[in-house]
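Shown next, in structure tokens, is the structure this report addresses.
The residues of the chain are indexed from 1 along the displayed sequence.
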Amino acid sequence: LLTLQTHAQNYFQQDVDTKIAVTLDDKKHMLRGFEAFQYKNNSTDTLRFLYIHLWPNAYKHDHTPFAEQEYANGNKAFYFAKENERGFIDSLSFKVDDDEVSYESEEATPDIAKIDLPKPLAPGASMKITTPFRVKIPIVFSRLGHTKQAYFISQWFPKPAVYDRKGWHPIPF
């Protein structure tokens, strides 16, 4: 008899339950919102920080990873776009379980933020994260944009990056 041993993967998914209230100002092409999400740590690791995607900031200036990729691919419209044609996300004020926390973001990758947690998030534990936000919707360059009053809304709110058995995946837009 041949005995086979199988090794189960150490698979898990973090649990994120998000609630968002948002309004669209179709004159200024702005979203204004408030987000609250419950983040449950289903890993076996204790988390001391979270990476948050701020993907509308991919449209913030001409040297984001998105801008550089567009230019490298021969798409120069975004690179030469006027500032008022670009987009961003701002007015963020993160709280973790009602405690204000700061976040940091690099100029080269403004679409990724790091929040240091006020206390470690143990395996099986959860926390509530809230923030107001404002998004300036760019003209259409990619998945998020507008053409006059026609809107293409994708990847528009702050959301945690993937955390899996290989660690964090804070990938730019």
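Considering every non-hydrogen atom in both Ile52 and Pro160, the closest pair reads CD1-CA, 3.9 Å. Considering all non-hydrogen atoms of both residues, Pro65 and Ala108 come closest at CD-O, 3.1 Å. Across all non-hydrogen atoms, the minimal contact from Val101 to Pro118 is CG1-CD, 3.7 Å.
Atom-to-atom distance recorded for Asp98:CG and Ile129:CD1 is 12.0 Å, nearest 0.5 angstrom. The distance from atom CD1 of Ile20 to atom CG of Leu31, rounded to the nearest 0.5 Å, is 10.0 Å. The structure places CD1 of Ile112 at 11.0 Å from OG1 of Thr64, a figure rounded to the nearest 0.5 Å. Here the straight-line distance linking atom CD of Glu68 with atom OH of Tyr71 works out to 11.5 Å at 0.5 Å rounding. In this structure, CZ on Phe34 lies 9.0 Å from OG on Ser93, to the nearest 0.5 angstrom. Atom-to-atom distance recorded for Phe152:CZ and Thr147:OG1 is 5.0 Å, nearest 0.5 angstrom.
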Indicate every side-chain donor-acceptor pair of residues 39-51 with a distance under 3.5 Å to a residue at least two apart or in another chain.
residue, atom, partner, partner atom, Å
Tyr39, OH, Gln14, NE2, 3.3
Asn41, OD1, Gln14, NE2, 3.1
Asn41, OD1, Ser43, N, 3.0
Asn41, OD1, Ser43, OG, 2.7
Asn41, ND2, Asp45, O, 2.7
Asn41, ND2, Leu121, O, 3.0
Asn41, ND2, Ala122, O, 3.4
Asn42, ND2, Gln13, O, 2.7
Ser43, OG, Asp45, N, 3.0
Ser43, OG, Asp45, O, 3.2
Asp45, OD2, Tyr163, OH, 2.5

Just list the side-chain donor-acceptor pairs under 3.5 Å for residues 53-60, sequence neighbours left out, or say none.
residue, atom, partner, partner atom, Å
His53, ND1, Trp55, NE1, 3.2
His53, ND1, Ile171, O, 3.4
Trp55, NE1, Ile171, O, 3.4
Asn57, OD1, Ile89, N, 2.8
Asn57, ND2, Pro110, O, 3.1

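Residues Val135 and Val22 share a single hydrophobic cluster, defined by chaining ILVMFWY side chains whose heavy atoms lie under 4.5 Å apart. Under a hydrophobic clustering in which Ile, Leu, Val, Met, Phe, Trp and Tyr are joined whenever their side-chain heavy atoms come within less than 4.5 Å, directly or via other members, Val140 and Leu144 fall into different clusters. At a threshold of 4.5 Å between side-chain heavy atoms, the hydrophobic network of Ile, Leu, Val, Met, Phe, Trp and Tyr places Phe12 and Met127 in one connected group. Both Val16 and Leu117 sit in one connected hydrophobic cluster of ILVMFWY residues. Membership requires side-chain heavy atoms under 4.5 Å apart, directly or through other members. Placement of Trp168 and Ile115 within a single hydrophobic cluster is found when ILVMFWY residues are connected by side-chain heavy-atom separations under 4.5 Å, directly or transitively.
In this structure, Gln149 contributes its side chain and Asp26 its backbone to a donor-acceptor pair below 3.5 Å. Between the side chain of Glu85 and the backbone N or O of Lys82 there is at least one donor-acceptor pair closer than 3.5 Å. A donor-acceptor contact shorter than 3.5 Å is absent between the side chain of Asn73 and the backbone of Asn75.
Cation-pi contact between Lys159 and Phe37: absent, since separation from the ring centre below 6.0 Å together with deviation from the ring axis within 45° is not met. A cation-pi contact, defined as under 6.0 Å to the ring centre and within 45° of the axis, links Arg86 to Phe78.
No side-chain heavy atom of Lys95 sits under 4.5 Å from any side-chain heavy atom of Thr131.
Just one of His61, Lys136, Glu83 meets the side-chain contact (heavy atoms from CB on, under 4.5 Å) condition when paired with Phe88; it is Lys136.
In this structure, Arg134 pairs ionically with Asp90, as a charged nitrogen and a carboxylate oxygen lie closer than 4.0 Å. A salt bridge links Asp17 and Lys19; the closest N-O separation between the charged side-chain nitrogens and carboxylate oxygens is under 4.0 Å.
A parallel orientation is assigned to the rings of His29 and His146, their planes being inclined by less than 30° (bins at 30° and 60°).
Sequence neighbours left out, not one pair with a member in residues 112-138 passes ring-ring contact (aromatic ring centres under 6.0 Å, His included).
Judged purely by distance below 3.5 Å, without hydrogens or angles, the side chains of Gln38 and Ser126 pair a donor atom with an acceptor atom.
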Given Leu24 and Tyr151, is the side-chain contact (heavy atoms from CB on, under 4.5 Å) satisfied, shown in steps? CA-CA 10 Å; Leu24 168 66; Tyr151 291 91; 3.9 Å; yes
